[in-house]
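By convention in this document, chain letters (A, B, ...) are assigned in the order of the sequence lines, proteins followed by strands, and residues within each chain are numbered from 1.
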2 protein chains.
Amino acid sequence: MIKNTEFIDKLRLSGLRPTKQRLKICEVLFNREKTFHFTINDLAKSISEQLNEKISLATVYNTVHAFKDKGYLKEISINSDKSYFDTNISNHHHFFDEDTNQLIDCHEDDIEKINIKRNITGKKIKSVEVLIKVASDNQNQN
Amino acid sequence: MIKNTEFIDKLRLSGLRPTKQRLKICEVLFNREKTFHFTINDLAKSISEQLNEKISLATVYNTVHAFKDKGYLKEISINSDKSYFDTNISNHHHFFDEDTNQLIDCHEDDIEKINIKRNITGKKIKSVEVLIKVASDNQNQN
DNA sequence: AACTACATTATAATTGTTCTAAACTGTTGA
DNA sequence: TCAACAGTTTAGAACAATTATAATGTAGTT
């Protein structure tokens, strides 16, 4: 259980005012054991369910983007339907279950280190993301 | 230069009627040396430029999806702005240049084989995609 | 030629996301 | 303590990508 003051410090440190809404969103996002993979809609739903309170959708978008920019969240590229975010900001990869639309973290040992032997001239590698799509045996390949 | 009859056969073989529109789209997509990475908008633009003819946007969407379902195109997950497609349907990975929004194919030797050591119970791996985001040195990480 | 199922089309509808402008609130410092 | 200001929240409008609709057109078969 992370204390509210910790969130306040965290926000202040990164130049974000610790508003009521942001603190509530911190609670929902970071007060949990496992990492949380979510879409904006999932998050909005969690907020209204867990806190029985409504935060404007615009604020949820603003806050998630602010948190992403500050490095508290990672955005994950899965498909173009919607944006997925991850509270696990460490360098890691994902399984994506096409049957349930669930993301699952890859652990360090689940996948061998990716070894890239070419580089694009004048460019620097910003990130390397591996997405492993899985589905029940009887499903078609997408 | 691929002949029209080949496209007709290709379409018929997969149970798609070779309509004027589909043949034109085939021309634009498959009558080129290099692989083509595109969004629906890119394609619609290419069609009107190369063929000086307009195909309804709905048809472009329908056709691209039909081609994808038949395995003639691959969809690539980059971000949630829009869908990207690839005429290279072989198993390969991508660089994505964040400065120009351009996709670049990884060749077989650019990246070592991905070795996945875990599997999700009851699930089968459908695809493994690696996306390497690059940008000029002076850009921020996204 | 006529029938039928499949395709195309323009347009409406939908969805996820961003923008806007007004109201509100944390912070600073007098 | 309180005024002032910049940063924040908000509802709703606007927007862009995509999908649905329903009428019209066309390929393939008889």
Review point. Between the main-chain N or O of A:I55 and the side-chain N or O of A:T59, is there a donor-acceptor pair closer than 3.5 Å?
Key: no
Extract all donor-acceptor atom pairs below 3.5 Å that involve side chains of residues 17-29 of chain B and protein atoms in other chains or at least two apart in sequence.
| residue | atom | partner | partner atom | Å |
| --- | --- | --- | --- | --- |
| B:T19 | OG1 | B:R22 | N | 3.2 |
| B:R22 | NH1 | B:R17 | O | 3.0 |

Just distance, no hydrogens or angles: give the donor-acceptor pairs under 3.5 Å from side chains in residues 44-54 of chain B, sequence neighbours left out.
| residue | atom | partner | partner atom | Å |
| --- | --- | --- | --- | --- |
| B:S46 | OG | B:D42 | O | 3.2 |
| B:S48 | OG | B:A44 | O | 3.4 |
| B:S48 | OG | B:K45 | O | 3.1 |

Revision key, fill the gap. Whole-Å distance, A:K82 NZ to C:dT18 P, equals 15 Å
Exercise for review: Would you mind classifying the nucleic acid contact of A:T39 as base, sugar-phosphate or nothing, using non-hydrogen atoms under 4.0 angstrom?
Suggested key: nothing
Revision key, fill the gap. Contacts of A:K70 meeting side chain to side chain contact (heavy atoms under 4.5 Å, CB included) (sequence neighbours excluded), chain-then-number -> A:S14, A:L16, A:Y72
Practice item. Give a yes or no on whether the backbone of B:F36 and the side-chain of B:T87 come within a donor-acceptor separation of less than 3.5 Å. Key: yes
Check your understanding: Nearest-Å distance, NZ (A:K68) to P (C:dT17)?
Key -> 11 Å
Review point. In B/S/- notation, 5' to 3', how is nucleotides 23-30 of chain C contacted by protein heavy atoms closer than 4.0 Å?
Key: --BBS---
Review point. With sequence neighbours left out, what residues match B:E6 under side-chain hydrogen bond (donor to acceptor under 3.5 Å, both in side chains)?
Key: none
**Study point:** Spacing between B:I8 atom CD1 and C:dA7 atom P, to the nearest angstrom
**Key:** 15 Å
Revision key, fill the gap. Note: with side-chain heavy atoms under 4.5 Å as the link, the other cluster members for A:I89 come out as none
Check your understanding: Going by heavy atoms closer than 4.0 Å, what residues in residues 45-66 of chain A are next to DNA chain D?
Key -> A:K54, A:I55, A:S56, A:A58, A:T59, A:N62
Study note, to complete from the structure: Rounded to whole Å, CG of B:N79 lies from P of C:dG16 at a distance of 16 Å
Exercise for review: With sequence neighbours left out, write down each residue that passes side-chain hydrogen bond (donor to acceptor under 3.5 Å, both in side chains) with B:K123, or none if nothing qualifies.
Suggested key: A:D97, A:D99
Study note, to complete from the structure: Residues passing the side-chain hydrogen bond (donor to acceptor under 3.5 Å, both in side chains) test with B:S90, sequence neighbours excluded, are B:N88
Exercise for review: Anything under 4.0 Å to a heavy atom of chain A counts; send over the first and last such nucleotide of DNA chain D, read 5' to 3'.
Suggested key: D:dA6 to D:dA11
Revision key, fill the gap. With sequence neighbours left out, the residues meeting side chain to side chain contact (heavy atoms under 4.5 Å, CB included) with B:F95 are A:I116, A:R118, A:I120, B:I104, B:C106, B:D110, B:I132, B:V134
Revision key, fill the gap. A:F38 atom CZ is separated from C:dT17 atom C1', nearest whole Å, by 15 Å
Study note, to complete from the structure: Tracing side-chain contacts under 4.5 Å among Ile, Leu, Val, Met, Phe, Trp and Tyr outward from A:L103 reaches A:I76, A:I78, A:Y84, A:F96, A:L131
